[in-house]
Amino acid sequence: MRLVHAAAALLLVCGLGSSASAFAISGGNQSYVSSLISRDQQQQKQQARRNDTNNSRVAFISHKGLITRGGAESNDSIETSSLSAASVSIETKTDLSVVSDANWSLLSERGRTALENLIQHDASYGAQRHVYADWPDAGVEDEGKLRLAEQVRKSTPLFGCEIKHTSNGVEDEGKLRLAEQLADLDASYPGGLAAYLGKAKMLLRESAEGVNPFSDFTAVVPEGEHISYDTPVPDSHTGMTFSQAEEAGLTGIADVAFVLVAGGLGERLGYSGIKLSLETNLCTNKCYLEVYAKYILAMQRMASLKTGRHDIRIPLVIMTSGDTDPLTRQLLEDNDNFGFEDGQIQIVCQDKVAALKDGSAGLSLGKDRWEIETKPHGHGDVHHLLYREGHVDKWEKEGRKHVIFLQDTNALVINSVLPTLGVSIAKNFHMNSICIPRLAGEAAGAIARLEHKTDPEKSLVINVEYNQLDPLLRSQGDCLGDVPDSATGYSPFPGNANNLVIEMGAYAKTLRGEDQGVVVEFVNPKYKDDTRTDFKKPTRLECMMQDIPKLFQKELGSEANIGFTMFDRWFTFSPAKNSLESGIEAVQNGNTAPGTMSSAESDKYVQNQRKLKYAGMDVCITEEKDLVSVGGIPVTPGPRIIICPGFAITKQEILAKVEGGSITDRSSLVLEGEGLKVKNLQLDGALVIRTGHDCEVEVDGLVVKNKGWELEEIPDGADVPETVSIRGYTMAKHEAMEIHINEPGKYTIGPDGVVNKVE
C-alpha cells in the first residue's frame with residue numbers, strides 16, 4: 001500500500017489557516033480579495049512537517065484511509081486549519097479510493113500529491129468531482145488523466161519528478177500528464193491551488209450576493225499634479241512647470257529600471273501575433289518594442305553624457321505570458337536586442353490560472369475531461385514576479401531609486417516618463433500614476449481617494465474601475481454618479497493611463513511583506529441569468545498592477561505617499577487596443593477615441609505637430625474638425641511627423657534643435673540624431689534625416705519638394721497581411737529625400753541638401 005506524508009497532502013488546506021488574514025472588497029459582478037500568505041511560508045510549514053521526529057504522531061494517508069507511522073489503520077481524523085478564504089472547516093479524513101489504486105500507481109509522486117490535495121480540499125464541497133471522480137480503469141483514456149494532474153505542482157517541493165511509463169503506453173502517460181497539469185497549477189500560484197479555489201469561492205459568493213465593496217468608504221477627488229506641455233504656468237501643487245518637472249526627472253534617470261508589461265496577444269486588434277511587434281507608424285515602421293527600447297537607450301545615453309559615466313546601464317524587464325514569451329524572445333533575437341547589451345533585458349513569464357465554470361468555483365475542463373482550461377491572471381502578477389525572480393533585490397543593491405512601468409501599446413506615454421519622474425522626486429511619492437483628463441462614464445479607471453468612514457488609517461489613493469465608480473458615486477453626496485464637472489466638461493476624477501513610477505525603497509519593503517507582491521484579486525463573471533450561479537463562459541481570478549497601493553497601505557500604513565500626475569490626452573494617451581471593425585463601429589456611434597492602430601498612429605503625428613509648432617515652426621495642428629476618414633477611421637491629413645527618441649526626449653531639446661521653417665500638410669518628416677539641429681526647413685514632400693552618435697549636423701535653409709508619401713486605402717476584399725488589414729490602409733512611399741550620416745564629425749546641410757563635412 002502506497003504511503004504519502006500527511007503534511008504534503010494537507011499543505012494546501014493548512015496553508016490558509018487561522019494565522020492568515022485577508023483584505024477584501026467586492027461588488028456587482030466583480031469581487032476583490034488579497035490572501036496574506038506567502039509561498040515561502042507554505043514551504044516553511046511543509047519543511048517543518050517533514051522534519052518531525054519519530055516521537056511525533058504524524059499521520060499518513062493511503063487510498064483506503066488513515067494510518068499512523070506505526071502502520072496501524074486509524075479512523076481518527078487529523079485536525080486542520082480552516083480555509084480562511086472560504087471560512088469553511090474541512091476534515092481531512094478523505095476517501096481517496098474515488099481513484100483506484102491502479103490509476104494512482106500511474107502517477108508521479110508530484111502528480112499524486114497534487115491530485116490528493118485537490119480531493120482533500122474538495123472534501124466538503126464536491127465542486128471538483130468532475131475532475132477526479134469516475135476515472136476509467138487503468139489502460140482506458142489514460143492519456144487525458146495524466147494531462148490534468150500535471151497542472152498543479154509548483155507550490156509543492158516535488159519538482160522534477162520522473163514520468164512513470166507502464167505497459168499501457170500512451171494511455172497511461174495521458175493520466176500522468178493530467179496529474180502533472182494539476183501539479184503545475186499548484187506550483188505556479190502562491191499558496192497553491194487550494195488557496196486559489198478558496199479565494200475564488202469567497203469572491204464568487206460575494207459577487208452573486210451583490211456585496212457592496214465600498215460601503216465603508218467615501219470617494220473624493222484626490223489632490224494631484226497637473227502639468228501641461230504648452231502652458232508655462234507652474235502647477236499649483238508642485239509649483240513646477242513642465243520643463244522644471246523634466247529637469248527634475250533628468251536628475252534621476254541614471255538610477256531607474258524599466259518594466260514593460262506585455263503578456264497579451266493582439267487578438268482584440270485582429271492580430272494573431274504579439275502586440276509589441278506591431279508597427280507604431282508607417283513612416284519609420286518601428287514596432288512598439290523598438291520605440292520603447294530606443295527611448296530607454298536615449299535616456300541612458302543622456303545620463304552618460306550628463307554625468308561623464310560610461311558604465312550606466314538602464315535595465316529593462318519584460319513580463320510575458322505563455323502566449324507571448326517565445327515570440328517576444330524571437331523578436332529580440334531577430335533585432336539584436338534593439339541595441340541593448342547582453343543581459344540588459346530580462347524576461348519574466350507569468351503563469352496562467354485555472355478557469356472556473358460556475359459559482360462553486362468548479363474547475364473548467366478544456367478540450368476533453370483530461371485537461372483543465374486555463375486563462376491569463378492579469379498584469380498584477382508583475383510585482384510578485386519581480387520579487388520572486390530577484391530583480392527588486394538586485395536593483396536595490398545597485399542603488400536604483402525608481403521603477404517605471406509601461407504598457408505595451410501606448411507609444412505616446414514615453415513623453416510623460418521624465419516629468420512624472422521629476423514630480424515623484426520633488427513630492428517624494430512612493431507611487432505616481434500617469435493620468436489624463438477622463439470623460440465622465442468613459443470605460444477607463446479613475447484615480448480616487450477612498451476615505452474610510454471610521455478609520456482614517458484605512459483611507460488610500462487608488463484606481464477605481466469605471467464600472468464601480470458610478471455606483472459608488474451614486475451612493476454618496478448628491479447621488480448623481482459619474483457625471484462631468486460643469487467647469488471643465490470632464491470627470492473630476494483623473495483617468496488612469498496605467499503607467500506607474502514607483503520609488504524603490506518603499507517598493508522593496510512592500511514586496512518583502514507577507515504578500516510578496518501578490519496584489520488583490522477580483523472575479524468578473526458573466527452570468528447566464530438572474531440566479532447568478534452559471535456563467536456564459538468560464539471566468540477566473542484576475543489581478544491588476546495598479547492595485548498595489550493596497551499593499552503599500554498594509555506595509556507602510558499612513559506613511560504611504562501615493563499620488564498622480566495628469567497630462568493632456570494628446571500628449572500621453574492613445575493606446576492601440578481595438579480592431580478596425582470595432583473602431584469603425586465606435587466612430588459611427590460618436591466615439592472620438594476608437595483606440596485602433598490607425599488612430600494611435602494618427603495621434604502620434606498630431607502630438608509631434610504640436611511639439612514643432614511650439615518650437616516655432618509653421619505647422620498646422622490637426623483639430624477634430626480637420627480629421628479625414630481613411631479606412632473608416634478619422635485620421636490626420638498630415639503632416640506626418642516622427643521625432644525619434646534619438647533626436648529628443650525632452651521639451652528643451654526640441655526647443656534647442658528646431659528653429660523656424662515650415663511644413664505643408666501633405667508632408668512627412670522623420671528626425672533622428674542627438675547632434676542634429678534643423679533651422680528654417682522648407683518641406684513639401686517627404687524628408688528623413690538620421691545621424692549617429694558624435695555627429696554634429698546643422699541643417700539650415702534646406703528646401704525639399706518631392707512627391708512624398710501618402711496613405712492608400714485597402715480595396716474591399718483585398719488579400720493583405722494582418723499587419724496591413726488592422727489599419728485599413730498602406731503608405732505609398734513615392735519619393736523622399738533621405739540623409740544618413742554615421743561618421744563622427746561636424747557637418748552642415750544647406751538649401752540644396754548637399755552634406756558638407758566641416759571637421
(request) Flag the pair Phe567 / His226 as yes when at least one side-chain heavy-atom distance between them is below 4.5 Å, and no otherwise. (result) no

(request) Evaluate the side-chain proximity of Val724 to Tyr729: yes if any heavy-atom separation is below 4.5 Å, no if none is. (result) no

(message) If I take atom NZ from residue Lys550 and atom OG1 from residue Thr510, how far apart are they, to the nearest 0.5 angstrom?
(response) 14.5 Å

(request) Taking the six-membered ring for Trp and the full ring for Phe, Tyr or His, determine whether the centres of Phe242 and Tyr614 are under 6.0 Å apart. (result) no

(request) Please confirm whether the backbone N or O of Ala593 pairs with a side-chain atom of Asn591, one donor and one acceptor, at under 3.5 Å? (result) yes

(message) Closer than 3.5 angstrom, by distance alone: can the side chain of Asn496 be matched with the main-chain N or O of Ile447 as a donor-acceptor pair?
(response) no

(request) Run through Asp255, Leu386, Val256 and flag the one making a side-chain contact (heavy atoms from CB on, under 4.5 Å) with Trp395. (result) Leu386

(message) Distance check, rounded to the nearest 0.5 Å: Ile347 atom CD1 versus Arg329 atom CZ?
(response) 4.0 Å

(request) Look at the side chain of Ser725 and the backbone N and O of Glu722, then say whether any donor-acceptor pair between them is shorter than 3.5 Å. (result) yes

(message) Check Arg610 with Asp568, please: is the shortest side-chain N to carboxylate O separation under 4.0 Å?
(response) no

(message) Can you tell me how far apart CZ (Arg727) and OG1 (Thr596) are? Round to the nearest 0.5 Å.
(response) 9.0 Å

(request) Run the salt-bridge test on Arg313 and Glu341 with the 4.0 Å N-O cut-off and return the result as yes or no. (result) yes

(request) Using a 4.5 Å cut-off on heavy atoms from C-beta on, say whether the side chain of Cys644 contacts that of Val670. (result) yes

(request) Would you confirm whether Gln407, through its side chain, and Leu260, through its main-chain N or O, come within 3.5 Å as a donor-acceptor pair? (result) no

(request) Determine, using ring centers only, whether His383 and Phe405 are less than 6.0 Å apart. (result) yes

(request) May I ask you to test the Glu601-Thr280 pair for a side-chain heavy-atom distance under 4.5 Å? (result) no

(request) Spell out, as yes or no, whether a donor-acceptor pair under 3.5 Å connects the side chain of His402 to the backbone of Ile502. (result) no

(request) Can you measure from OG1 (Thr328) to CG (Leu276) and round to the nearest 0.5 angstrom? (result) 5.5 Å

(message) What's the separation between atom NE2 in His377 and atom CE in Met544, rounded to the nearest 0.5 Å?
(response) 11.5 Å

(request) Would you check if there is a donor-acceptor pair between the side chains of Gln350 and Ser321 at a distance under 3.5 Å? (result) no

(request) Would you check if the side chain of Glu389 reaches a backbone N or O of His391 as a donor-acceptor pair within less than 3.5 Å? (result) no

(request) Indicate the atoms forming the closest heavy-atom contact of Thr572 with Asn410, along with that distance. (result) O-ND2, 3.1 Å

(request) Check step by step if salt bridge (charged side-chain N to carboxylate O under 4.0 Å, His left out) holds for Glu503 and Lys401. (result) CA-CA 6 Å; Glu503 192 271 326; Lys401 305 301 184 185; over 6 Å; no

(message) Please check: side-chain N/O of Ser424 versus main-chain N/O of Thr420, any donor-acceptor pairing under 3.5 Å?
(response) yes

(message) With a 4.0 Å cut-off on N to O distance, would you call Lys394 and Glu396 a salt bridge?
(response) no

(message) Check this for me, if you would: do Arg569 and Glu442 make a salt bridge, where the nitrogen-to-carboxylate-oxygen distance has to be below 4.0 angstrom?
(response) yes

(message) Taking the side chain as everything from C-beta on, heavy atoms only, tell me whether Ile434 gets closer than 4.5 Å to Phe573.
(response) no

(message) If we ignore hydrogens and angles and just use 3.5 Å, is the side chain of Asn561 paired with the main-chain N or O of Lys427 as donor and acceptor?
(response) yes

(message) For Lys651, is there an ion pair with Glu246 - N to carboxylate O distance below 4.0 angstrom?
(response) no

(message) Is there a side-chain contact between Gln344 and Asp342 in this structure, where contact means two heavy atoms from C-beta onward sitting under 4.5 Å apart?
(response) no

(message) Return the CG to OG1 distance between Leu269 and Thr409, rounded to the nearest 0.5 Å.
(response) 6.5 Å

(message) Keeping Glu290 on the side-chain end and Lys286 on the backbone end, is there a donor-acceptor pair under 3.5 Å?
(response) no

(request) Verify, without hydrogens or angle tests, whether Gln609 (side chain) and Thr622 (backbone) share a donor-acceptor contact under 3.5 angstrom. (result) yes

(message) In the structure I gave you, are the side-chain heavy atoms of Pro492 and Val221 within less than 4.5 Å of one another anywhere?
(response) yes

(request) Answer yes or no: is there an ion pair linking Asp408 with Lys275, defined by an N-O contact shorter than 4.0 Å? (result) yes

